[in-house]
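I have placed the structure first, in the form of structure tokens, so that the comments after it can refer back to it.
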2 protein chains.
Amino acid sequence: MNMTDLARTPKQIGSLIRRTRKNLGWSQTQLGEKAGLRQETVSLIETGKPATKLETLLAILAALNLEFRIARRSKGQASDIEELF
Amino acid sequence: MNMTDLARTPKQIGSLIRRTRKNLGWSQTQLGEKAGLRQETVSLIETGKPATKLETLLAILAALNLEFRIARRSKGQASDIEELF
DNA sequence: TTATTTTATGCGCTATATCTAATATTGACA
DNA sequence: TGTCAATATTAGATATAGCGCATAAAATAA
């Protein structure tokens with residue numbers, strides 16, 4: 001993954017989670033165990049369920065050694081540098 | 001806010017949302033209108049409710065012109081640069 | 001192919017997020 | 001100090017997340 005991966009939608013978030021999990025060679029069940037979730041729940045989130053609970057998502061990210069960052073919206077990486085407000 | 005603000009917990013996320021909203025000079029009601037949510041819901045999220053739904057959070061971030069990024073966990077900004085997997 | 005693992009989907013259940021609506025509390029400012 | 005806007009809180013209703021458990025479907029390996 002990139003330094004920070006843009007994940008604007010639940011589907012993008014799910015894809016990123018799946019990609020990271022596979023890079024680690026883990027199954028959904030293994031990830032679920034580490035995150036305290038069921039395999040089915042991991043499946044739904046990777047598929048891009050929009051109504052996932054924040055705490056559930058955070059548990060998965062933590063298990064994958066990932067974290068949130070929040071940034072100003074930008075079409076490209078460049079505007080990351082601007083300070084708009 | 002910084003280029004990308006770390007928001008590891010619901011409380012941190014809520015604080016960041018509140019700070020951004022105030023910088024824009026918006027009330028919770030105004031933000032709620034733009035995000036399709038009620039003032040009370042905005043209040044709960046800014047307070048750091050952990051079980052907020054992802055779609056709700058995304059609606060608020062979008063209204064504030066913010067977005068997610070997902071990054072590898074790091075104690076400081078530095079490890080952002082590493083490519084671990 | 002067949003066997004095995006992995007992922008997706010189904011039902012019933014409990015917990016809870018957000019809603020509508022009202023109200024209490026807090027904060028800002030004259 | 002008082003008035004008004006902003007925020008927090010409450011109560012009831014609706015929708016749905018994630019659970020347990022089971023199983024189907026899909027992918028992978030032998």
Side-chain angles (χ1 to χ4, degrees), chain A residues 1 5 7-70 72-73 84-85, chain B residues 1 5-70 73 84-85:
Chain A
M1 72 185 287
D5 258 25
R8 195 169 280 173
T9 68
K11 275 192 194 300
Q12 290 171 335
I13 294 170
S15 299
L16 179 53
I17 288 171
R18 170 163 296 176
R19 186 154 29 98
T20 306
R21 175 179 60 79
K22 293 206 164 181
N23 280 343
L24 292 168
W26 295 353
S27 68
Q28 290 180 345
T29 302
Q30 287 175 302
L31 174 54
E33 282 167 1
K34 292 168 199 287
L37 300 168
R38 295 165 57 249
Q39 172 263 319
E40 297 85 331
T41 303
V42 176
S43 170
L44 288 173
I45 290 172
E46 289 188 352
T47 307
K49 184 174 207 173
T52 307
K53 283 193 281 181
L54 176 58
E55 58 186 356
T56 303
L57 181 60
L58 289 173
I60 288 187
L61 293 182
L64 291 171
N65 203 39
L66 298 178
E67 70 193 1
F68 267 28
R69 285 171 191 279
I70 294 178
R72 251 171 287 87
R73 273 193 117 131
L84 297 181
F85 44 88
Chain B
M1 75 184 285
D5 259 25
L6 178 59
R8 196 169 277 170
T9 68
K11 272 191 197 300
Q12 290 171 334
I13 293 171
S15 300
L16 180 52
I17 287 171
R18 170 162 298 177
R19 185 154 28 100
T20 305
R21 174 178 62 78
K22 293 204 165 183
N23 281 341
L24 291 169
W26 297 353
S27 68
Q28 290 179 345
T29 303
Q30 287 175 303
L31 174 55
E33 283 167 1
K34 292 167 198 288
L37 301 168
R38 296 172 57 256
Q39 174 263 319
E40 295 84 334
T41 303
V42 175
S43 171
L44 288 172
I45 289 171
E46 288 188 354
T47 306
K49 185 176 208 173
T52 307
K53 284 195 281 182
L54 175 59
E55 57 187 352
T56 302
L57 181 59
L58 290 174
I60 288 186
L61 294 181
L64 291 170
N65 202 38
L66 299 177
E67 69 194 0
F68 267 27
R69 286 171 192 277
I70 295 179
R73 269 192 119 131
L84 297 180
F85 42 89

Sequence-distant partners of Glu40(B), side chain to side chain contact (heavy atoms under 4.5 Å, CB included), two or more places apart: Arg38(B)

Residues passing the side chain to side chain contact (heavy atoms under 4.5 Å, CB included) test with Gln39(B), sequence neighbours excluded, are Gln28(B), Thr29(B), Ser43(B)

Rounded to whole angstrom units, what separation is found between the CG atom of Leu31(A) and the P atom of dA8(C)? 12 Å

Using whole Å, what does the distance between atom C1' of nucleotide dA6(D) and atom CD of Glu33(B) come to? 13 Å

Is Arg73(A) reaching over with its side chain to a backbone N or O of Glu67(B), donor-acceptor style, under 3.5 angstrom? no

Protein-to-nucleotide contact annotation, 5' to 3' order, nucleotides 15-24 of chain D [B base; S sugar-phosphate only; - none; under 4.0 Å, heavy atom]: --SSBBBB--

Contact string for nucleotides 24-30 of chain C, one letter per nucleotide 5' to 3', B = base within protein heavy-atom range under 4.0 Å, S = sugar-phosphate only, - = neither, reads -------

For residues 49-63 of chain A, run the donor-acceptor check on the side chains, cut-off 3.5 Å, and write out each pair with its distance to 0.1 Å, sequence neighbours left out.
{"from": "Thr52(A)", "atom 1": "OG1", "to": "Lys49(A)", "atom 2": "O", "distance (Å)": "2.9"}
{"from": "Lys53(A)", "atom 1": "NZ", "to": "Glu55(A)", "atom 2": "OE2", "distance (Å)": "3.4"}

Indicate whether OP1 or OP2 belonging to dT7(C) is found under 4.0 Å from a side-chain N or O atom of Ser43(A). no

Please confirm whether the shortest side-chain N or O distance from Arg21(A) to OP1 or OP2 of dT7(C) is below 4.0 Å. yes

So salt bridge (Lys or Arg N to Asp or Glu O under 4.0 Å) across residues 22-35 of chain A, not counting sequence neighbours, yields none

Mind checking whether Leu16(B) and Arg19(B) have side chains closer than 4.5 Å, heavy atoms only? yes

Quick note, ring pair (Phe, Tyr, Trp, His ring centres under 6.0 Å) partners involving residues 28-49 of chain B, not counting sequence neighbours, are none

Distance (rounded to the nearest 0.5 Å) between Arg72(A) CZ and Arg69(B) CZ: 10.0 Å

